[in-house]
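Accompanying notes for the structure given below.
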There are 2 protein chains.
Amino acid sequence: MAGSHTLAETERQVSSLLRGMNIDFKAMTVVSNLFRAANAARNHLEREVLSGNRLSWTGFVVLWVVWVWGECETREIAEEVGTSKATLTGVLKTLERDKLVAKRRSKSDGRLVLVTLTGDGKRLMTRIFPEFNKQEVYLVSSLEGSERKGTADALRKITLHARGDLAQKGKKRKR
Amino acid sequence: MAGSHTLAETERQVSSLLRGMNIDFKAMTVVSNLFRAANAARNHLEREVLSGNRLSWTGFVVLWVVWVWGECETREIAEEVGTSKATLTGVLKTLERDKLVAKRRSKSDGRLVLVTLTGDGKRLMTRIFPEFNKQEVYLVSSLEGSERKGTADALRKITLHARGDLAQKGKKRKR
DNA sequence: CTCCACTCGTTAGGATACGAACGAAACGAG
DNA sequence: CTCGTTTCGTTCGTATCCTAACGAGTGGAG
């Protein structure tokens, strides 16, 4: 988790390996810092908030979506959480086993499955979300107010850009 | 993956659920955008570069570390990659099966295992890393030059802050 | 030299993750 | 109504991913 090597050291090594291949180190730095930060933040939140409550990261995100938006179709949850349908099936199985969510079939469309929070699920989220947000505050506490907005904006741009070609690919798939 | 709901909508929902509990939405926004961006970027890179080469994300990162730094102890790789030792064992097994890395025991310390890239591994990295970097450039291409530096700096701050308590916990574990 | 605490990598067991293939349900065209 | 297509969630197979427990190797204390 540490990434003990300095950026400058890494840069020197990569330079000598790819001499004359025109590597953009600035871009590399932004992207690698993105993954380092996301990893570190996720580990922090899992350690400080989730593991003590027997919750996985994805399990928590699923609970959060259903908690905020109420009864959801599983395809909506998968979309919002950012996992495949197959993964969500497994995560919901775990959450259902732990009595945190309940599933039922839609009456208007027999293919759909609707998910709701149980009483336990609601109580759990009401209890731990404030803790979770407290740790979010901790994570960004080394950033100035203006820096937070700028960072959030930049991250949003990266997200949209990365997803851009995804939408195009979806359209192209005509068969 | 989409996250179709607006921030304002989400904020309204969360507000009504936690009325009077003092949630910091700015911090929530930064952190959630961090995860969205990292997820989207990772999916983009897996789709555009890795999946065509039968490489998993972690497998690629492991190859990258060994490629840049030369023969490595497995504990160093795990540290640098950010996974547990147990996970690395499995990933190395896959990479070894695909003839991309080779392992050998250290002679000076019989507990250590040293990992090197095979010829195939080196050729693979020499071929795909420029592609990978090209996609990194694509990912940050919507950011101004100054914005890139600011974002990288902010992400570095978050990483260090998130890891801060980890180091303390490590020290406390006396037993 | 003999313990013994410590550090390695691996294993065991369970949960998460994906693409591909599948069966059930919905629904348009004929 | 019937057929073909599409859209669901699930299942299957495989690969990550974690913690905990483990066996082997190390090295200091006595």
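A note on names: the letters A, B, ... follow the listed sequences, proteins ahead of strands, and every chain is numbered from 1.
Rounded to a whole Å, the CG atom of L55(A) is 13 Å from the P atom of dA15(C). E73(B) places its CD atom 14 Å from the C1' atom of dG25(D), with the value rounded to the nearest Å. Whole-Å rounding puts the L112(B) CG to dA24(D) C1' distance at 12 Å. Atoms NZ (K85(B)) and P (dG23(D)) sit 15 Å apart, rounded to a whole Å. Atom CG in L63(B) sits roughly 11 Å away from atom P in dT16(D) (whole-Å rounding). Atom CG of L114(B) is separated from atom C1' of dT10(C) by 16 Å (rounded to the nearest Å). Rounding to whole angstrom units, CZ of residue R54(A) and C1' of dG14(C) are separated by 13 Å. If you take CZ of R47(A) and C1' of dC18(D), they are 14 Å apart, rounded to a whole angstrom.
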Please write out the pairs of protein N or O atoms and N or O atoms of nucleotides 24-26 of chain C separated by less than 3.5 Å, giving the distance to one decimal.
residue, atom, partner, partner atom, Å
dA25(C), O3', G110(A), N, 3.4
dA26(C), OP1, G110(A), N, 2.8

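Using a 30° and 60° split on the angle between ring planes, H161(A) and Y138(B) fall in the tilted class, from 30° to 60°.
You'll find the ring centres of F129(A) and W67(A) inside the 6.0 Å limit.
Residue-environment remark: CZ (R127(A)) exceeds the threshold of 12 foreign heavy atoms within 6.0 Å. In this structure, K103(B) places its NZ atom where more than 12 heavy-atom neighbours from other residues, nucleotides or ligands lie under 6.0 Å away. Heavy atoms of other residues, nucleotides or ligands lying less than 6.0 angstrom from CD of E144(B) number 12 at most.
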| request: Kindly determine whether R104(B) and E71(B) satisfy salt bridge (charged side-chain N to carboxylate O under 4.0 Å, His left out), including the steps that lead there. | output: CA-CA 10 Å; R104(B) 70 180 185 86; E71(B) 191 171 58; 2.9 Å; yes

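Salt bridge annotation for K157(B)-D153(B): absent, with no cationic side-chain nitrogen under 4.0 angstrom from a carboxylate oxygen.
Contact check for M28(A) versus N133(B): side-chain heavy atoms found under the 4.5 Å cut-off.
S56(A) and T58(A) share no donor-acceptor pair across their side chains, judged by distance under 3.5 Å alone.
The stretch residues 86-101 of chain B touches DNA chain D through A86(B), T87(B), V91(B), T94(B), R97(B), each having a heavy atom within less than 4.0 Å of the strand.
Checking the phosphate oxygens (OP1, OP2) of dC8(C), no side-chain nitrogen or oxygen of K103(B) falls inside 4.0 Å. The shortest distance between the side-chain N/O atoms of S84(B) and the OP1/OP2 oxygens of dC18(D) is below 4.0 Å. Regarding contacts with the backbone of dT16(D), a side-chain N or O of S56(B) is found under 4.0 angstrom from either OP1 or OP2.
Checking dG9(D), dT16(C), dA17(C) against the side-chain heavy atoms of V113(A) singles out dG9(D) as nearest.
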